[in-house]
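First up is the structure itself, then whatever we jot down about it.
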Amino acid sequence: MSSDQEKKKNSFTIIKDDSTDGHGGYGGGAISLENMSAVIVDPNEDKAYVDMGAMHARSDVERRVKFQPDKDKVPNGKLYWIVWVNVARGENGPYYSGVTGCEIRVDRSIKLAYKSMPEHVKHMEKALKGKVIVDHMDDHSKKLLRDFLVDFNEDMWNNSTDELKEALPES
């Protein structure tokens, strides 16, 4: 296994704890991000990869730029997608339960970027709740995301819902 493959395998959050173990102590009922990962889809470079820094708005693509809430201020921004991927355990094992994509545009030449923070928060929450929201993504980006999820863990892909498989078709 190459070091890139090892890095990919080690950086994706799978199931850490069973949040349904009945423990109702401190933090019981709190939202857990333990099963959430951030996948960066870069359609310009034809790649997708996990970047857990995105959980705190510190992914590689988000660094060293000032974010603007107005897309018009970044007219030449390079498109990226931060895709929130939640993993749950079903009767056949782990599966991709929630997958939601959020657009960002980055223009390094002017050190500005566009991102809608309310959208990112809303989509992260929807992914935690098992929703699939990728219809606004371009077809090329959806294919990159699908290929990444299948390549990362084909069993989790196979265990996933038909909704996800239909939202991210093979071609």
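Not measured: the values here are computed from a predicted model. Numbering starts at 1 and runs along the sequence shown.
Between the side chain of N86 and the backbone N or O of G130, no donor-acceptor pair lies under 3.5 Å. Between the K165 side chain and the N158 main chain, a donor and an acceptor come within less than 3.5 Å of each other. At distances below 3.5 Å, at least one donor-acceptor pair connects side-chain atoms of E62 with backbone N or O atoms of S59. Judged by distance alone, with hydrogens and angles left aside, the side-chain atoms of D151 form no donor-acceptor pair with the main-chain N or O of D147 at under 3.5 Å. The main-chain N or O of N92 is found under 3.5 Å from a side-chain atom of N159 such that the two form a donor-acceptor pair.
Taking CZ from R146 and CG from L164, the interatomic distance works out to 9.5 Å, rounded to the nearest 0.5 Å. In this structure, the separation between OH on Y49 and CZ on F152 is 16.0 Å, given to the nearest 0.5 Å. To the nearest 0.5 angstrom, T100 atom OG1 is 12.0 Å from K129 atom NZ. Considering CG of L168 and CG of L144, their distance stands at 11.0 Å, rounded to 0.5 Å. One finds the CD atom of E103 at 9.5 Å from the OG atom of S116 (value rounded to the nearest 0.5 Å). To the nearest 0.5 Å, atom CD1 of residue I133 and atom SG of residue C102 are 8.5 Å apart.
Side-chain contact between M36 and V85: absent, with no pair of heavy atoms (C-beta onward) separated by less than 4.5 Å. The side-chain heavy atoms of D107 and V65, taken from C-beta on, include no pair separated by under 4.5 Å. Within the 4.5 Å cutoff, no side-chain heavy atoms of V87 are placed close to those of S97.
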(message) Quick one, H123 with K131, criterion side chain to side chain contact (heavy atoms under 4.5 Å, CB included). Give me CA distance, side-chain angles, the key distance, then yes/no.
(response) CA-CA 9 Å; H123 279 65; K131 303 295 183 196; over 6 Å; no
(request) May I have the step-by-step check of side chain to side chain contact (heavy atoms under 4.5 Å, CB included) for V61 and R63, ending in yes or no? (result) CA-CA 6 Å; V61 298; R63 292 181 184 196; over 6 Å; no
(message) Before you tell me yes or no, could you show the steps for K111 and K66 under side chain to side chain contact (heavy atoms under 4.5 Å, CB included), namely the whole-Å CA-CA distance, both residues' side-chain angles and the distance that decides it to 0.1 Å?
(response) CA-CA 6 Å; K111 295 184 180 173; K66 182 175 180 179; over 6 Å; no
(message) Is there a side chain to side chain contact (heavy atoms under 4.5 Å, CB included) between I40 and I82? Walk through the geometry before answering.
(response) CA-CA 5 Å; I40 306 295; I82 295 181; 3.6 Å; yes
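The environment of NZ in K126 is sparse: at most 12 heavy-atom neighbours from other residues, nucleotides or ligands sit within 6.0 Å. Within a 6.0 Å radius of CG in D139, no more than 12 heavy atoms belonging to other residues, nucleotides or ligands are found. Remark: K142 NZ is packed, more than 12 non-hydrogen atoms of other residues, nucleotides or ligands lying under 6.0 Å away. Dense packing is recorded around NZ of K78, with more than 12 heavy atoms of other residues, nucleotides or ligands lying under 6.0 Å away.
Residues V106 and M117 fall into different hydrophobic clusters, defined by Ile, Leu, Val, Met, Phe, Trp and Tyr side chains chained together at heavy-atom separations under 4.5 Å. Linking ILVMFWY side-chain heavy atoms closer than 4.5 Å, directly or via other members, places Y80 and I110 in two distinct hydrophobic clusters. Cluster annotation: V121 and V39 are assigned to distinct hydrophobic clusters (Ile/Leu/Val/Met/Phe/Trp/Tyr, side-chain heavy-atom contacts under 4.5 Å, transitive).
Ionic pairing of K143 and E170 is not present here: no N-O contact between side-chain nitrogen and carboxylate oxygen is shorter than 4.0 angstrom.
The ring of W81 has its center closer than 6.0 angstrom to the ring center of H136.
Closest non-hydrogen pair, M55 versus W84, comes out as SD-CZ3, 3.6 Å. The two atoms that bring V41 and S141 nearest to each other are CG1-O, 3.7 Å, heavy atoms only. Among all heavy-atom pairs drawn from Y114 and V74, the shortest one is N-CG2, 3.8 Å. Nearest heavy atoms, S160 versus Y96: OG-N, 3.1 Å. When every heavy atom of A167 is checked against every heavy atom of V134, the shortest pair comes out as CB-CG2, 3.6 Å. For the pair R89 and Y95, the tightest heavy-atom approach, listed with the atom from each and the gap, is C-CE2, 3.8 Å.
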